Amino acid sequence: MKESVKYCILIIAGVFVQTVSAVSFDGVMQGLTSDRAAYSNENDSASVVLRSTTETTMQLGQDGSHNLFEPLFVFQLPNVGMEDSPFISVALSAELLYNCGAWFGFAADLYGSEPRNTADVLASDYYMGANDTSPTFTKLKDTWINFNVDPGVPAGTKTFAQEEILNYINDVYEGGTNAGKYIVIRISMNGPGYGWCQASFASANSETESFRPKISYTAARNLVSGKVIADHNDVN
């Protein structure tokens with residue numbers, strides 16, 4: 001963990017000394033094992049099924065039975081103090097374990113949910129399509145990963161560290177009001193794709209710790225201390 005400290009001294013009317021120190025520190029929101037894949041059949045989009053929370057991988061794409069799968073990662077917001085926009089940098093990491101090849105027929109968009117009181121994934125969290133207009137989710141990135149390319153997307157760690165996720169985390173933190181609450185990050189298909197090609201991402205249950213989803217961050221906390229050194233009536 002790194003720490004950097006900056007100090008400024010404020011003297012008010014010669015009687016009060018206040019020290020403000022800004023401390024920056026690194027942290028990690030580890031993906032929670034309540035994460036799940038959700039899927040809906042292309043021919044029955046009203047019905048959504050949630051996969052088990054114990055699976056080590058989560059699918060993305062369409063299988064041969066026309067089921068459309070999407071991963072839903074869960075994180076708990078840390079307590080970094082009652083600060084407005086304390087996060088300086090934020091990066092989501094997810095491990096792409098496998099994809100079947102090229103030309104999936106869709107790109108993957110990235111969404112973040114509103115904060116919630118429980119870590120549960122809901123059937124209503126699922127969405128497949130070009131633009132989710134639900135007020136409960138915010139689009140963080142259009143075409144985060146384009147799977148409809150040749151050659152296919154290589155396996156490995158996929159990171160998202162752009163301004164959109166930084167702004168999102170600061171917004172949902174809401175000055176510390178939502179510290180300890182939970183958010184869901186969804187990898188969405190922007191179209192139904194083809195029924196023969198899927199990818200898979202590691203879940204929080206992955207046996208390989210480095211593969212588990214996480215959100216790394218740097219945050220700043222302002223620490224204020226003051227000491228009265230003389231009442232103005234005592235000053236000669």
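Numbers here simply count residues along the sequence, with the first being 1. Values in this document were obtained by computation on a predicted structure and should not be read as measured data.
Other residues, nucleotides and ligands contribute over 12 non-hydrogen atoms within 6.0 Å of the NZ atom of K158. For D84, the CG atom sits in a loose shell: 12 or fewer heavy atoms of surrounding residues, nucleotides or ligands are nearer than 6.0 Å.
Side chain of Y194 to backbone of Q198: no donor-acceptor contact under 3.5 angstrom is found. The backbone N or O of E164 lies less than 3.5 Å from no partner atom in the side chain of N167, so there is not a single donor-acceptor pair.
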Check the pair Y182, D120 against side chain to side chain contact (heavy atoms under 4.5 Å, CB included), reporting the backbone distance first and the verdict last. CA-CA 9 Å; Y182 303 89; D120 297 331; over 6 Å; no
Evaluate the criterion side chain to side chain contact (heavy atoms under 4.5 Å, CB included) for residue pair W144 and I187; output intermediate values, then yes/no. CA-CA 9 Å; W144 175 44; I187 303 177; 3.9 Å; yes
May I have the step-by-step check of side chain to side chain contact (heavy atoms under 4.5 Å, CB included) for F75 and V184, ending in yes or no? CA-CA 7 Å; F75 302 93; V184 174; over 6 Å; no
Give the intermediate values and the outcome of side-chain hydrogen bond (donor to acceptor under 3.5 Å, both in side chains) for residues E95 and T157. CA-CA 4 Å; E95 190 73 18; T157 303; 2.5 Å; yes
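Hydrophobic clustering of Ile, Leu, Val, Met, Phe, Trp and Tyr side chains at less than 4.5 Å, counting indirect connections, keeps Y168 apart from I88. Under a hydrophobic clustering in which Ile, Leu, Val, Met, Phe, Trp and Tyr are joined whenever their side-chain heavy atoms come within less than 4.5 Å, directly or via other members, I185 and L32 fall into different clusters. When hydrophobic clusters are built by joining Ile, Leu, Val, Met, Phe, Trp and Tyr residues whose side-chain heavy atoms come closer than 4.5 Å, directly or via intermediates, L92 is grouped together with V90. Hydrophobic clustering, with ILVMFWY side chains joined whenever heavy atoms are under 4.5 angstrom apart, keeps L50 apart from M58. If you chain together hydrophobic residues whose side chains sit under 4.5 Å apart, L97 and I145 never meet in one group.
There is no side-chain donor-acceptor pair under 3.5 Å between S203 and E55. Side-chain contact, N205 with T33: no donor N or O sits under 3.5 Å from an acceptor N or O. Side-chain atoms of T208 and S210 form no donor-acceptor pair, as typed in the model, at a separation below 3.5 Å. For the residue pair R186/S188, the side-chain donor-acceptor check at 3.5 Å is satisfied.
Among residues at least two apart or in separate chains, there is no disulfide (SG to SG under 2.5 Å) pair with a member in residues 57-94. The ring pair (Phe, Tyr, Trp, His ring centres under 6.0 Å) contacts involving residues 79-98 comprise F87-Y173, F87-Y217, where partners must be two or more places apart or lie in separate chains. For residues 108-140, the set of pairs meeting the disulfide (SG to SG under 2.5 Å) definition, not counting sequence neighbours, is empty.
We find the CZ-CD distance between R116 and Q76 to be 13.5 Å, quoted to the nearest 0.5 Å. Separating the OG atom in S93 from the CZ atom in F160 is a distance of 12.0 Å, to the nearest 0.5 Å. Taken from CD in E174 to OG in S85, the straight-line distance is 11.0 Å, to the nearest 0.5 Å. Rounding to the nearest 0.5 Å gives a distance of 4.0 Å between OG1 of T218 and CG of D26. Summarising the geometry, atom CD1 belonging to I169 is positioned 11.0 Å from atom CG belonging to N178; distances are rounded to the nearest 0.5 Å. In this structure, CZ in R221 is found 7.5 Å from CD in E83, a value given to the nearest 0.5 Å.
Taking 4.5 Å as the limit, some side-chain heavy atom of F25 sits within range of a side-chain heavy atom of V80. At least one side-chain heavy atom of L60 sits under 4.5 Å from a side-chain heavy atom of F201.
Here the closest non-hydrogen pair linking D142 and K139 is OD1-NZ, 2.9 Å. Across all non-hydrogen atoms, the minimal contact from V172 to L77 is O-CD1, 3.8 Å. Residue Y126 comes nearest to S40 through the heavy atom pair CE2-CB, 3.6 Å, listed as atom of the first residue, atom of the second, then distance. Closest approach of R51 to R36, counting heavy atoms only: O-NE, 2.6 Å. Between L166 and S89, the closest heavy-atom pair is CD1-N, 3.9 Å. Between V74 and A119, the shortest heavy-atom contact is CG1-O, 3.7 Å.
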Distance-only donor-acceptor pairs under 3.5 Å for side chains of residues 99-112, two or more places apart:
residue, atom, partner, partner atom, Å
N99, OD1, G101, N, 2.9
N99, ND2, V153, O, 2.1
D109, OD1, T143, N, 2.6
Y111, OH, D132, N, 3.0

Which atom pairs, one a donor and one an acceptor, fall under 3.5 Å between side chains of residues 65-73 and the rest of the protein, sequence neighbours left out?
residue, atom, partner, partner atom, Å
H66, ND1, E42, OE1, 3.2
H66, ND1, Q62, OE1, 2.8
N67, OD1, N41, ND2, 3.1
N67, ND2, D63, OD2, 3.3
E70, OE2, M189, N, 2.7

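With sequence neighbours excluded, no residue satisfies side-chain hydrogen bond (donor to acceptor under 3.5 Å, both in side chains) with S124.
Salt bridge annotation for R212-D35: absent, with no cationic side-chain nitrogen under 4.0 angstrom from a carboxylate oxygen.
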